[in-house]
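Input: a single structure, listed below in structure tokens.
All chains are named by letter (A, B, ...) in the order of the sequence lines, taking the proteins before the strands, and each is independently numbered beginning at 1.
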Amino acid sequence: MFRFTTAGSVDDGKSTLIGRILFDAKAVPDDQLAALERSAQMRGDGTVDLSLLTDGLTAEREQGITIDVAYRYFATAKRKFIIADTPGHEQYTRNMVTGASTADAAVILVDARKGVIEQTRRHLTLAHLLGIPHLLVAINKMDLVGYDQAKFDELAAAITSFSASLGISAPRLVPLSAKQGDNVVNASDKMPWYGGPTLLTLLEELPPAIHVNQSALRFPVQLVARVREDGGGQKRLYQGRIESGRLAVGDEIVILPAGTATRITAISTFDGILQSAEAPKSISLEVADDVDIARGDLLAHEASRPRVADRFEAMLCWFADEPFDPRGRYLARLGTRTVSARIGELIHRLDVVTQEHIAAPEKLNRNDIARVRVMLQSSVPYDGYAENRATGAFILIDAQTNATVAAGMIAA
Amino acid sequence: MSSLQNITADNVVPLRVNKADRPWTHLDDLESEAIHILREVAAEYRNPVLLFSGGKDSTILLRLAEKAFRPGRFPFPLMHVDTGHNFDEVIEFRDRTVERLGERLIVRTLDESIAQGRIKLKHPNQSRNAFQSVTLIDAIDEFAFDACIGGARRDEEKARAKERIFSFRDSFGQWDPRRQRPELWSLYNTRVDAGEHMRVFPISNWTELDVWQYIAREKLELPSLYFAHERPVTMRGANLLPVSDLVEPRAGDRVETRVVRFRTVGDISCTSPVESTASTIDDIIAETISARVSERGATRLDDQASEAAMEERKKAGYF
């Protein structure tokens, strides 16, 4: 299973690109095509608008925009895909960060006529911040610049140089036309100067994301179940999903944040007993000692412990309509643990277009990204986001409205 | 909250011996994600419920709940909102399944809601599908459920493609697509206040094909309506309608017996079978791979009423 997200600004043709992928990959059922043809007739222009395949809500169709993240599913002979289609206006940061949080790859759209604009820089920066393993840039609307190689080379140079300023390697670039179907699924004969693969071929062949089971063991406890045994004894099952790494019966482990040591004595699932298990499997564990383990605790190997602290620095993406309130009561959710939190300090705001750091900003508005110091009510186990996406990420919830107001990535 | 599950001696189901290791596939990714979601529900809610209709998607939910909670009992009851227009064999399958699992089933019927004047029908054989929301929301109020687990999938329909896995409902039980909480990583914001509730969809990311492949892998039993059988039908527009007490032929309708199966199983009066000779799960998988018509497009007359039919029903509290 391969998850990718798409990002582009309004009118970059993102919905059309997704529609084109689904259409050319023959993933659009006949009844949905028929519905598209009906609406094309209603609009009187006779052409089928592929973007309508992804616009789901009434307001979106009425206004010709995409409001919210939509998930699409398709499969080729090589891979099953999940697309997170994220709109490029209004709540762009919120939506893109949401789509990017689970993505193995990002496809960033650039309109060949407009070139590298603010939104392009914003999207590349966000993709980098969110640690998306693979970045692809689709130079769209090549049909409108005469399939011109010089134009493509010029854009490629601009993107490569901006990527270098972010400290990331240059993304793969594909010149294409979503509307005409060039280089999306089928290779184009209009751009003989481009010898590379089509966008879909690239997506089919990208290696899967950094293998979670090659990194350190992280097992956040979700549930503790008490099982009464024959003879009146009682045992406890610690249930959860292995977020990274692997574990085996006999492993010495530590329970964090307490730091208590114990040993794994059994691993089980509904399908039976296991000697070992690895991410991302959901399992039940038993341990040797009668130790205190509760929801929110994290199990790790002694040699590769996460950090434990009640404060850390993080990059925070602010989503709420209301600006950040320094006196506000927030809850931080990290792994399976929820703790009271406040933002102790706004260190700097990141201008995602210029990469400038604006020191000690007074407030954070919707779509702002800032380096902050987070203070928690109690110590929690965590990793840097760059080391581990599962244990380095958190969300902030407004304790009064229950709204999700921000997403955070813990600094290394 | 209830993160400590008490499992007592009389309700322990013995674990089976592990099967031979098989390679990890996309079904394992989907299964592990769903188990994780179900355990989050158990940990974060005081009074959850799982909606079970006897259909294929909710039958999968039950297997996933076994995977998440055995050897203990499920930390929630099951509930069926019965339109009264269900196929007898689906109800029989529902009861047999609940009995086999030894779990508790709550049934709330539209007939009760109609008798109480909560639902007003224009004519007795009207499709009751959209009215399920009334009975469902009344039942959520009655039991004070704070989370309601359902088998909806994002690939079914355009409005569902935009829905969260943990999807918030206000105190009117309504969905506001413009005010959904962003959902990042697998850090779900599960919080609700009194009177509000969460709809939770553990198989959001499953496609119709995934569902059938999982049914094959897990050897799950299903109502026989899903497999090819002979049935009297009549054409209504581009769809077949099963002829029954509820769907009587109109003047000019030609009733004929065809070999059909159901891709979805819902209210009799608005669920269409498709012509098919697929009589085994493997046949159905092959047919699903080559299908050119979407699941709901082929089978749900209520979704064809307008482009936004599902969105409107969902806003009103539909599951």
Side-chain angles (χ1 to χ4, degrees), chain A residues 1 29-32 35 39 54-59 61 67-73 75 80 82 94-95 97-98 101-102 222-230 239-241 268-274 280-282 294-295 319 331 333-336 389-390 393-395 397 402-404 407, chain B residues 3-9 12 15-19 26 28-33 35-36 39-40 42-43 66-72 154-155 157-159 161-162 168 177-178 180-189 191-193 204-205 207 209 291-294 297-298 307-308 311-312:
Chain A
M1 221 157 64
D30 288 348
D31 53 307
Q32 286 182 17
S39 65
T54 58
D55 291 339
L57 304 172
T58 314
R61 283 191 299 276
I67 291 169
D68 208 280
V69 184
Y71 295 88
R72 300 285 153 189
Y73 304 82
K80 283 189 73 83
I82 302 179
R94 187 184 93 169
N95 291 322
V97 169
T98 301
S101 70
T102 52
Q222 282 188 283
L223 275 178
V224 182
R226 271 202 295 254
V227 182
R228 202 168 295 167
E229 292 178 299
D230 299 338
Q239 301 178 320
R241 181 174 65 180
S268 60
T269 68
F270 178 70
D271 295 305
I273 311 293
L274 301 171
K281 201 171 178 67
S282 287
R295 173 171 169 84
F319 296 152
L331 298 166
R333 167 132 202 216
L334 304 90
T336 53
R389 256 167 134 182
F394 63 95
I395 57 170
I397 298 167
N402 292 337
T404 303
Chain B
S3 63
L4 200 68
Q5 302 294 317
N6 279 304
I7 301 167
T8 54
V12 170
L15 280 174
R16 293 175 289 169
V17 178
N18 194 26
K19 294 175 201 150
H26 69 283
D28 297 294
D29 281 324
L30 293 168
E31 177 189 79
S32 187
E33 178 183 64
I35 294 170
H36 178 257
R39 287 174 172 169
E40 285 301 291
E66 289 184 277
K67 298 228 176 187
F69 304 114
R70 293 295 187 239
R154 287 173 177 154
D155 86 320
E157 204 279 332
K158 296 206 280 190
K162 305 231 157 180
F168 176 74
R178 300 203 70 154
Q180 298 196 78
R181 296 173 181 174
E183 198 157 78
L184 298 111
W185 299 286
S186 43
L187 299 175
Y188 304 111
N189 178 348
R191 292 173 64 85
V192 291
D193 286 333
S204 286
N205 285 325
T207 64
L209 181 60
R292 292 302 306 151
V293 177
S294 73
E307 274 221 79
E311 181 183 347
E312 296 309 320

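Separation of atoms CD1 (B:Ile35) and CD (A:Gln239) is listed at 10.0 Å; rounding is to 0.5 Å. A:Arg295 CZ to B:Arg39 CZ: the interatomic distance, rounded to the nearest 0.5 Å, is 11.5 Å.
Checked against ring-ring contact (aromatic ring centres under 6.0 Å, His included), A:Tyr71 has no partners two or more places apart in sequence or in another chain. Remark: B:Asp155 engages B:Arg153 in a salt bridge (charged side-chain N to carboxylate O under 4.0 Å, His left out) (not counting sequence neighbours).
Remark: side-chain polar atoms of B:Glu66 are not paired, donor with acceptor, to backbone N or O of A:Phe270 under 3.5 angstrom. Of the possible donor and acceptor atoms, none in the side chain of B:Asp28 sits under 3.5 Å from a partner among the backbone N and O of A:Lys281.
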### Query
Passes side chain to side chain contact (heavy atoms under 4.5 Å, CB included), A:Lys80 versus B:Thr207? Steps please.
CA-CA 10 Å; A:Lys80 283 189 73 83; B:Thr207 64; 3.8 Å; yes
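Per-residue counts of heavy-atom pairs under 4.5 Å with chain A were compared for B:Glu31, B:His36, B:His26; the largest is that of B:His36. Across B:Arg154, B:Glu33, B:Arg181, the residue that shares the most heavy-atom pairs under 4.5 angstrom with chain A is B:Arg154. Highest contact tally toward chain B, considering only A:Thr404, A:Thr336, A:Leu334, is held by A:Thr404 [criterion: heavy-atom pairs under 4.5 Å].
In this structure the side chain of B:Pro182 never reaches within 4.5 angstrom of the side chain of A:Val97, judged on heavy atoms. Taking 4.5 Å as the limit, every side-chain heavy atom of B:Glu183 sits out of range of all side-chain heavy atoms of A:Val69. Within the 4.5 Å cutoff, side-chain heavy atoms of A:Arg241 are placed close to those of B:Ser186.
Between B:Ala43 and A:Gln222, the shortest heavy-atom contact is CB-O, 3.7 Å. Shortest non-hydrogen contact noted between B:Asn189 and A:Asn402 is ND2-O, 2.9 Å. The minimum heavy-atom distance linking B:Ser204 with A:Tyr73 is given by the pair O-OH, 3.5 Å. Nearest heavy-atom pair, B:Phe69 versus A:Leu223, reported as atom, atom and distance to 0.1 Å: CE2-CD1, 3.8 Å. B:Leu187 and A:Phe394 make their closest contact through CD1-CA, 3.5 Å (heavy atoms, listed as atom of the first residue, atom of the second, distance).
Of the atoms belonging to A:Ile395, heavy atoms from both backbone and side chain fall under 4.5 Å from chain B. For chain A, the nearby parts of B:Tyr188 are the backbone and the side chain; heavy atoms of each come within less than 4.5 Å. Contacts of A:Ala403 with chain B are made by backbone atoms alone, with heavy-atom separations under 4.5 Å and no side-chain atom involved. For A:Leu331, the part lying under 4.5 angstrom from a heavy atom of chain B is the side chain only.
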